[in-house]
Each structure stands twice: as structure tokens, then as C-alpha cells.
Amino acid sequence: MIDILMPRLSDTMTEGAVAAWHKRPGDAVAPGDLLVEIETDKALMEQEAYDAGILAEILVAEGENAAIGTPIARLDDGSGPAPREDADTGTADPAPAPARAATPEAAETPSLQIPARAAEDTARRPATPLVRRLARERGIELAALTGSGPGGRIVRADLDALDEAQDGASASETEPFDTIRQQIARRLSESAAGTPTFTATASAAVGELMALRARINDAQEGTGIRVSLNDLLVRAVALTLRAHPGVNASYSGEGRGATIRHSRVHVGIAVASPAGLVVPVIPDADRAAVTAISAVSKELVAKAAGRRLTAADMSDGTFTISNLGMFGVESFTAIINPPQGAILAVGAVSEHLALVDGEVVAVPRLRVTLTADHRIIDGALAAQFLATLCALLEEPLRIVA
């Protein structure tokens, strides 16, 4: 008997939540079969089986959490029974698991309830793991609901509608954190409380930058490639980080403290996904063409929307860009994504009146705000970084040269 353990799927992962089991007790399992979906602190990931056998028991149900290394299921590979813990005494139960499951006494014990699980599967209504978790917390029987989602799937709106009908009036709603939101809250709280930061804001005239973007897209017409303003920003920021390596850095608390300057420039882009805020990384952005950055960025955003980002997609970032310009936000302050040393908040392009050659004209300008870890980045360095970045944005041919 083999214990299937909760795997470590990211560097910051301490526990995972079982989102969905793709095998049930009694099912045959072969190496490479999709066994379970695990929700980590960063993404929803598929876990394949490494051994062949029969799935004997599921120990962690869908929607429940388990620490790394904790058994979440047992696989019968024909090698013999695994020792079992007695709930009261903590002593090993020497009786083989298959033999116990076959006896009437075993059917009455809670240790292995395969028949009960089979009955549960028969009555199971299609619903997401989050909906199942909310239903359990609210004491709602999903079997009594008719889903309004595709194929009769029960969605969260169905639970909310039932609550409103039962209460007869609107009430405050409590939504428990899923694993990803829990880790977002923990890490950003640690960053905000434990990192001494300061912010610096600058703006750049981006009329030529927007015109260059239009020319690039006109030249790429028919190829399916469309460069966004954010793609140009990623490239400009990467070149600026190459010019100011002190910003492409992290703080180390070892010894007397140290600055870790990264030799490569990996730019993370903050993305709002169904699972919450995620930061996929564009590697070596200073060496990539704008069209290549555009392709990688679109792929990462699509994977985030489908909850298909892997740990590799979100690893090794050295700097992050958070852009809320598409929502009309002119400026804001972002929280550093640890262990990085800085993050750039990008607002919307807005027109400002300026005096040009004796005439008042409308000039499109872009505001950017740098939040920096003051332990490794001083105000002068931040100002130099922003000056270089704004110069690139105002002379955009240098970005694509």
C-alpha cells in the first residue's frame, strides 16, 4: 500500500487544498493518469500518478486543506497493507485494509467507507470545489438545488439566491478565503508590515510612444500580433533595470543584512485572475523583442484566466509591474511582491494642457509610481530609475532599438 502525499508545488507552499479528485476509490490508476487537482498559494495545478494500482482510499476530501507531506490518499499496489492508526489509542491496526473492507464490521467503522462514497457520487450534483465548500459552511444540501450554470452546474449565485430567499432580506456575506487568497493576504501583510518602503512618482509624455505602438501594429497587420502599451512598458522597465541594477535586487536578512543584485531581469506582471492576484513572470525581458514580450504576456494572461499557471510561470521574478490604467486609474501605490525590492504602479494615459512652441496643446501623459524597499534602495537611486524610464518612454525608438 502506498501513501499518496500532498506535494510541494511552489517555493512558498506550506499546505494545499484538494480542488478535485479525478479518481475514486476502486478505480484503476496507471502512471501518468491525472489523479487530483491541487490548489496552492499560487495556482490550481494537476497532479499525475507515479505508480500503478487501485485507489483504495481518499483521506482528504475535495475542498479540504492538508500540509505538505500529509497523506491525502492510499494506493493499493499489491505490496501489502499500510499500517493504520487507531483513533483512540494511536496504535497500529494489523488487519489488512482490503480484508477489513470486505467484512461487515469494517462497513460499520468510519475508517474506510467506500460504499458511502459511492452513494455520495451517485447523488453528487455538478458544482465547483468553492461552491461545495460554501455549501458545507452554510449547511446547504446541493442535491436539493437546481443549478443555473452550464449543464445544470450549481454556481455561487444559486447559493446566494437561496440565502436571500430564506432570510427574506439582504444581509452581509462572509466568503472564506480559498488557498490562493489566503496566501495573498499573508504575503502582502508581511510585506506591508515588515518592509520599510517609500514611494516616488513621475510622469512622461507618451504621445510618441502611442504613435510608435500604432505603427508597430499596422506593420503586424494580418499576423495576429498586437502590441499593447503594457508590452512596451515591460520592455522599457527591463532596459531601465539593466541600467540600474540596484533596483533589480532583493534584501537578504542573513548576517548583517545584504543586497542581492540579480544578474538577469525577469519582469512579473500583476494579473487579476478568477483565483485572485497572480504574478506570472516574463523571463529575460531586457533581451526580448517587444513582439516576443507581447506573445508571452498574452499566453500568461490566458493561462491565469484558465487557472493553468504553473509554479515555473510565476518563479524567479526580480521586479513587478502592476498596471491599472485600463480601469481609468490615473495613479496608485502598489505593495512590493516579496522577496523583490521594488514594484512599479502604472496608471492611465490622460491628457494635460501644456505650452508647446507658444501654443497651448493637449499632451498625453502617463504617471508611474515606484514603491521601493528602503533597506536596499535609496531615494536618489529611485529618482534615477524613474528619470531613465521616463526618458525611454518619451524617446520610444530606444525601447525597440
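- Closest heavy-atom contact between Ser250 and His262: OG-NE2, 2.8 Å.
- Between Thr371 and Ala334, the closest heavy-atom pair is OG1-O, 2.9 Å.
- For Phe332, there are no ring-ring contact (aromatic ring centres under 6.0 Å, His included) partners, not counting sequence neighbours.
- Counting only distance, with no hydrogens or angles, the side chain of Ser315 and the backbone of Ala311 share a donor-acceptor pair below 3.5 Å.
- Proximity of a side-chain donor or acceptor of Trp21 to a complementary backbone N or O of Glu37 within less than 3.5 Å is not detected.
- Between the side chain of Asn217 and the backbone N or O of Ala214 there is no donor-acceptor pair closer than 3.5 Å.
- For His374 and Thr197, the side-chain atoms include no donor-acceptor pair closer than 3.5 Å.
- In this structure, the side chain of Asp373 engages the main chain of Arg375 through a donor-acceptor pair within 3.5 Å.
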Stepwise side-chain contact (heavy atoms from CB on, under 4.5 Å) check, Ile269 with Val234: CA-CA 8 Å; Ile269 50 174; Val234 169; 4.0 Å; yes

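- Put simply, the side chain of Phe385 reaches to within 4.5 Å of the side chain of Leu241, judged on heavy atoms.
- Between the side chain of Ser189 and the backbone N or O of Ala185 there is at least one donor-acceptor pair closer than 3.5 Å.
- In summary, of the residues considered (Val368, Leu324, Val329), a side chain to side chain contact (heavy atoms under 4.5 Å, CB included) with Val346 occurs for Val368 alone.
- In this structure, Ala28 and Lys23 approach most closely via the heavy-atom pair O-NZ, 3.5 Å.
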With salt bridge (Lys or Arg N to Asp or Glu O under 4.0 Å) as the criterion, how do Arg186 and Glu15 come out once you've worked through the C-alpha distance, each side chain's angles and the decisive distance to 0.1 Å? CA-CA 13 Å; Arg186 180 184 63 80; Glu15 65 176 9; over 6 Å; no

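- At least one side-chain heavy atom of Ile140 sits less than 4.5 Å from a side-chain heavy atom of Leu159.
- The backbone N or O of Ala66 lies less than 3.5 Å from no partner atom in the side chain of Thr70, so there is not a single donor-acceptor pair.
- When all heavy atoms of Gly69 and Leu5 are compared, the pair lying nearest together is O-CD2, 3.5 Å.
- Side chain to side chain, Arg367 and Ser203 fail the donor-acceptor criterion of an N or O pair below 3.5 Å.
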In a table with atom names and distances, give each donor-acceptor pair under 3.5 Å that connects a side chain of residues 347-360 to protein atoms at least two apart or in another chain.
from: Ser350; atom 1: OG; to: His352; atom 2: NE2; distance (Å): 3.1

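- Atom-to-atom distance recorded for Asn65:CG and Glu39:CD is 8.5 Å, nearest 0.5 angstrom.
- Counting only N and O atoms by type, the side chains of Asn248 and Thr318 include a donor and acceptor under 3.5 Å apart.
- Nearest heavy atoms, Ala258 versus Ile376: O-CG2, 4.4 Å.
- Of the inter-residue distances, the one linking His266 atom NE2 with Asp286 atom CG reads 9.0 Å to the nearest 0.5 angstrom.
- In this structure, NZ on Lys303 lies 9.0 Å from CE on Met314, to the nearest 0.5 angstrom.
- Put simply, CD on Glu64 and CD1 on Ile58 are 11.0 Å apart, with the number rounded to the nearest 0.5 Å.
- Taken from CG in Leu232 to CG in Leu393, the straight-line distance is 9.0 Å, to the nearest 0.5 Å.
- A salt bridge links Arg398 with Glu395; the closest basic N to acidic carboxylate O contact falls under 4.0 Å.
- Ser191 contributes no side-chain N or O that, together with a main-chain N or O of Arg187, makes up a donor-acceptor pair within less than 3.5 Å.
- Within the 3.5 Å criterion, the main-chain N or O of Gln220 finds a donor-acceptor partner in the side chain of Thr223.
- The number of heavy-atom neighbours closer than 6.0 Å to OH of Tyr50, taken from other residues, nucleotides and ligands shown, is 12 or below.
- For the atom pair Leu300 CG and Arg308 CZ, the distance stands at 10.5 Å (nearest 0.5 Å).
- With hydrogens and angles disregarded, no donor-acceptor distance shorter than 3.5 Å links the side chain of Lys298 to the backbone of Ile293.
- For the residue pair Thr320 / Gln340, a side-chain donor-acceptor distance below 3.5 Å is found, with atom types taken as modelled.
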